[in-house]
Each structure stands twice: as structure tokens, then as C-alpha cells.
Participant: 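One structure, as C-alpha cells, below. Some questions next.
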Number of protein chains: 2
Amino acid sequence: MAGTATPTKKQEIIAQAYDAFYDGGFHATGIDTVMANSGISKRTLYKYFPSKEDLIEAVLDQYGEDTDTYLFKPALARSDDPREQILALFDVRREMMEASCRGCLAMKAGQEYIGKHEGIAARGRAASEYVEGRFVELCQKAGLVNPLDTGRQIGLLFQGAAMTAQMQQKPSVFETAKKAVHILLAA
Amino acid sequence: MAGTATPTKKQEIIAQAYDAFYDGGFHATGIDTVMANSGISKRTLYKYFPSKEDLIEAVLDQYGEDTDTYLFKPALARSDDPREQILALFDVRREMMEASCRGCLAMKAGQEYIGKHEGIAARGRAASEYVEGRFVELCQKAGLVNPLDTGRQIGLLFQGAAMTAQMQQKPSVFETAKKAVHILLAA
DNA sequence: GACAATGTAAACCGATCTGTTTACCTATGG
DNA sequence: CCATAGGTAAACAGATCGGTTTACATTGTC
């Protein structure tokens with residue numbers, strides 16, 4: 001999921017670890033597994049990332065960038081109307097989960113590291129707050145009477161839909177969530 | 001969180017593992033850690049549970065029972081009005097998270113074992129569907145025009161709130177969720 | 001008091017974990 | 001041609017993993 005030409009070694013390592021952790025979980029996936037059949041040696045990995053936790057933090061930072069690149073930007077580009085943009089976010093997220101029904105990597109990391117590693121837990125928290133904030137911002141642009149409440153409520157629907165879609169392997173729950181968003185926006 | 005008097009050895013083991021996995025995660029918590037300082041030997045554990053995964057399944061089954069005992073029953077007892085009962089579920093869940101801000105154990109297990117262990121993943125899926133179903137049932141009792149949609153939407157808010165409260169260590173998000181529930185019930 | 005059942009404690013096994021080290025390969029540039 | 005930088009591959013180290021086994025303590029019952 002990189003963008004620039006000829007990625008650096010560091011970016012290669014992150015990209016490889018990204019999918020390995022996404023598919024296999026953080027604690028369950030060892031460093032050897034992460035780098036297997038990738039042409040990247042453990043020595044080089046530990047040169048750039050002194051510990052597994054450092055690598056996980058870098059992966060989560062990349063995930064944050066990807067969320068902007070592949071979720072927010074495309075969704076916001078689909079319309080100029082903030083209300084339509086909010087709905088488009090649910091559409092794009094659904095399309096992403098139809099391609100690969102994986103939940104939110106930052107939540108996954110938070111679940112595994114809250115109370116155990118602050119740097120990783122903080123990135124889970126930040127991702128949660130960021131999504132919330134973007135919805136609040138769109139609700140402000142839409143001129144809603146209470147953008148803070150409505151934005152947060154939509155954020156809860158969004159996170160709940162991602163979680164439920166993953167758990168039930170059913171991206172269609174985003175349609176259910178969208179119906180609720182319509183009602184909240186009309187209230 | 002057991003109920004009967006003089007719990008059996010099997011129940012003791014489950015209770016001990018329950019908290020160890022809840023606090024430490026499943027992959028991150030070893031069997032030795034689970035039973036440390038509990039007066040339960042590994043030999044006895046493996047007599048009742050032939051593998052770690054079997055133990056996790058038993059813990060999740062207990063979690064399902066606890067969800068009824070400590071969440072649904074108390075919430076439904078707070079009122080006879082189905083709408084009030086729905087709101088009470090959000091109140092009770094918030095109170096639980098204020099006592100100990102841990103998310104949903106079944107979701108946590110699902111996150112770690114989807115695609116890796118079907119018995120465990122199925123229990124995560126079942127928990128997600130169960131919550132959904134109970135909200136749909138209450139929406140039916142409330143005589144809503146579209147109980148299936150509304151119930152599912154409320155379910156998404158509920159799961160999203162639990163996830164977000166855990167991630168941000170902020171049980172107060174259940175108040176935000178309740179406001180949305182009011183709107184959905186009035187629509 | 002002998003017996004069987006049930007338990008604890010702890011040594012043990014092979015595999016795997018994070019992380020380090022050794023040895024070798026392969027470019028590029030003066 | 002040779003030095004250097006940056007890389008792979010793989011052995012290695014010590015800890016921990018899931019799981020087994022051995023040895024011993026406790027209990028109730030005939």
C-alpha cells in the first residue's frame with residue numbers, strides 16, 4: 001500500500017509487517033514469520049527497528065496515513081456536500097471490507113496492548129479520536145445544530161459497523177449503519 | 001463472577017483464566033501465567049481442558065452466561081417499558097465499564113482468532129449476533145415500525161460505544177450513544 | 001491401616017519467541 | 001583493485017511457549 005517510487009528498505013519492512021500483523025495478529029505473529037519469504041533479513045530489520053514494539057508503532061503510523069489516503073480522501077472526493085461525504089465514508093469503508101474483511105488495525109493493536117505498551121495503545125486511542133473528529137468536522141460543515149454530539153454518534157456507528165462486519169464477516173452491516181446515519185442527520 | 005456455592009475445580013480454573021485472559025489478552029498470556037498463584041496445577045488444568053483453545057472456549061461460554069446475568073437481566077429488571085429497557089442496557093454497560101474499563105471479551109477473542117480457530121471465532125460471532133438479536137427483540141416489543149433495522153442500528157451503537165470506551169478509557173461515550181438511541185427510537 | 005481418587009509442585013520436552021552475532025555476498029567509486 | 005557500505009542467510013543465546021511426566025501430599029472410605 002505504498003505510494004512513492006522505489007520504496008526504501010524501511011518502507012519495505014513496514015509494508016511486509018503491515019500485512020503479516022493484520023492477518024495474523026500482533027502477539028501471535030513472530031518476527032521470523034513477519035519476514036519469511038520477503039528477502040529481508042532479521043539483522044536489517046533490527047537495524048531500523050530496535051524492537052518488535054517499535055516496528056508495530058511504525059506499522060500503525062503507516063496505517064494512519066493509509067486511512068487518510070484510501071478512506072478519507074476518496075470518500076471526500078465523491079461529493080461536495082458534507083452530508084454526502086459522511087455517507088460516502090461508510091460506502092468506502094464497506095468497499096474496503098468487501099475486498100478484505102479485516103477490521104481496524106489500530107483497534108486490534110489497542111485491544112492487545114492497552115495497559116501493556118503505552119506507545120502502541122496511544123496510537124489506538126488516537127485513531128479512535130481521529131475518526132470521531134473527522135465526523136464532527138463534517139457535521140459542522142453541514143451546519144447541524146449539535147455537530148459535536150451528532151459527529152460522535154456517527155463515529156460510534158462507524159466503529160461499531162467495522163467491528164461487527166469483521167466479527168460476522170458481513171460488510172453489509174454498513175448499509176444498516178447508513179440508515180441510522182440518515183436518521184441522525186435529519187434529526 | 002461465579003454464582004453457585006463451592007465451585008467445582010473446573011469452575012475455579014475458568015474463573016482464574018477469565019480474568020487473566022481479559023487483562024492480558026489470549027496469545028499474550030501463557031498457561032503458566034494463567035495459573036500462577038492460584039493453587040491450581042497445570043496437570044489438573046490439562047485434565048479438564050486438553051488444550052489452551054479448549055480453555056478459551058470454556059471461558060467465552062462463561063462470558064456469555066455472565067452477559068446474561070450481569071448485563072441483560074439487571075437492565076431488563078429496571079423497567080417494564082421496552083424502550084426504557086434498551087436505554088437501561090446502555091446504563092448498565094456503562095456502569096460495568098466504570099468499575100473496570102475492559103471491552104467485550106468475545107470481540108477480543110474474535111479479533112485474535114478469526115481465521116485461525118473456528119471454535120473461538122464462532123463464539124465471537126455468536127456474541128455479536130446475540131446482542132443484535134436482543135435489541136431487535138426489544139424493538140419488536142416496543143412496537144416499532146421496523147424493529148429489525150432499528151434493533152440492528154442500536155446494536156451497532158452499543159458495540160461501537162463499548163469499543164470506543166475501552167480504546168479511549170472513557171465510559172462516558174455511552175451517554176453519547178444513548179442520545180443517538182433516543183433519536184432512533186423516536187424516528 | 002490400605003486403597004484409590006484427586007490434587008499440587010516441579011522437572012522436563014521440543015518448539016518457538018525476541019534479539020545478537022558471525023560469515024558471506026554484492027554493489028559503487030576512486 | 002580494493003575499500004567500504006549495506007545487504008542476506010543462518011547459527012546462536014536465553015527465555016518462554018504449550019503440553020507431558022514424575023513424584024509426592026491429601027482426602028475419604030472400607
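The chains referred to below are lettered A, B, ... by the order of the sequence lines, with proteins before strands, and numbering in each begins at 1.
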Participant: Can you check the B:Asp32 CG to C:dC12 P distance for me, whole Å?
Facilitator: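 From B:Asp32 CG to C:dC12 P: 16 Å.
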Participant: I need the CD-P distance between B:Glu12 and C:dT6, as an integer number of Å.
Facilitator: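 In whole Å, C:dT6 P and B:Glu12 CD are 16 Å from each other.
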Participant: What is the distance from CZ of B:Phe26 to P of D:dC17, rounded to the nearest Å?
Facilitator: 16 Å
Participant: If the cut-off is 4.0 Å, is A:Tyr48 near the phosphate of D:dG7, judged by side-chain N/O to OP1 or OP2?
Facilitator: yes
Participant: What contact category does B:Thr29 fall into here, base, sugar-phosphate, or nothing, at under 4.0 angstrom with non-hydrogen atoms?
Facilitator: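 Since only primed, P, OP1 and OP2 atoms lie under 4.0 Å of B:Thr29, the category is sugar-phosphate.
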Participant: Looking only at side-chain atoms of B:Ser41, point me to the closest of C:dT20, D:dG18, C:dT8.
Facilitator: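 Ranking C:dT20, D:dG18, C:dT8 by closest atom to the B:Ser41 side chain puts C:dT8 first.
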Participant: What's the closest nucleotide to the side chain of B:Arg43 if the choices are C:dT18, D:dG18, D:dA23?
Facilitator: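 Among the listed nucleotides, the one closest to the side chain of B:Arg43 is D:dA23.
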Participant: Please state whether the phosphate of D:dT8, meaning OP1 or OP2, lies under 4.0 angstrom from any side-chain nitrogen or oxygen of A:Lys9.
Facilitator: yes
Participant: At under 4.0 Å between heavy atoms, what does B:Lys47 touch on the DNA or RNA strands: base, sugar-phosphate, or nothing?
Facilitator: sugar-phosphate
Participant: Roughly how many Å is it from CE in B:Met35 to C1' in C:dA10, rounded to a whole number?
Facilitator: 17 Å
Participant: Would you say the side-chain atoms of A:Thr176 and B:Gln153 include a donor-acceptor pair closer than 3.5 Å?
Facilitator: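 Checked: A:Thr176/B:Gln153 side chains show no N/O donor-acceptor pair below 3.5 Å.
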Participant: Touch check for B:Phe49, heavy atoms < 4.0 angstrom, all strands: base, sugar-phosphate only, or nothing?
Facilitator: nothing
Participant: Using every non-hydrogen atom in the two residues, find where B:Ala75 and B:Leu89 come nearest and quote the distance to one decimal.
Facilitator: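 In terms of heavy atoms, the two residues are closest at CB-CD2, 3.6 Å.
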Participant: I need the CD1-C1' distance between B:Ile40 and C:dT6, as an integer number of Å.
Facilitator: 14 Å
Participant: Rounding to an integer number of Å, can you tell me how far A:Ile31 CD1 sits from D:dA15 C1'?
Facilitator: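 After rounding, the reported distance stands at 16 Å.
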Participant: Check whether any side-chain N or O of A:Tyr46 sits under 4.0 Å from OP1 or OP2 of D:dT8, and answer yes or no.
Facilitator: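 Looking at the OP1 and OP2 atoms of D:dT8, neither is under 4.0 Å from any side-chain N or O of A:Tyr46.
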Participant: Using a cut-off of strictly less than 4.0 Å, decide whether A:Thr44 has a side-chain nitrogen or oxygen near OP1 or OP2 of D:dT8.
Facilitator: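 Yes, A:Thr44 has a side-chain N/O under 4.0 Å of OP1/OP2 on D:dT8.
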Participant: Just the rounded figure in Å: distance from P of D:dG18 to NZ of B:Lys42.
Facilitator: 8 Å
Participant: Quick one: sort the B:His27 and B:Tyr113 rings into parallel, tilted or perpendicular, breaks at 30° and 60°.
Facilitator: parallel
Participant: Taking atom types as modelled and ignoring hydrogens, do the side chains of B:Asp66 and B:Gln62 form a donor-acceptor contact shorter than 3.5 angstrom?
Facilitator: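 Indeed, the side chains of B:Asp66 and B:Gln62 share at least one donor-acceptor pair under 3.5 Å.
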Participant: Do the side chain of B:Arg123 and the main chain of B:Gly119 share a donor and acceptor less than 3.5 angstrom apart?
Facilitator: yes
Participant: Distance check needed: D:dG18 C1' versus B:Glu53 CD, whole Å only.
Facilitator: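 Going from B:Glu53 (CD) to D:dG18 (C1'), I get 9 Å.
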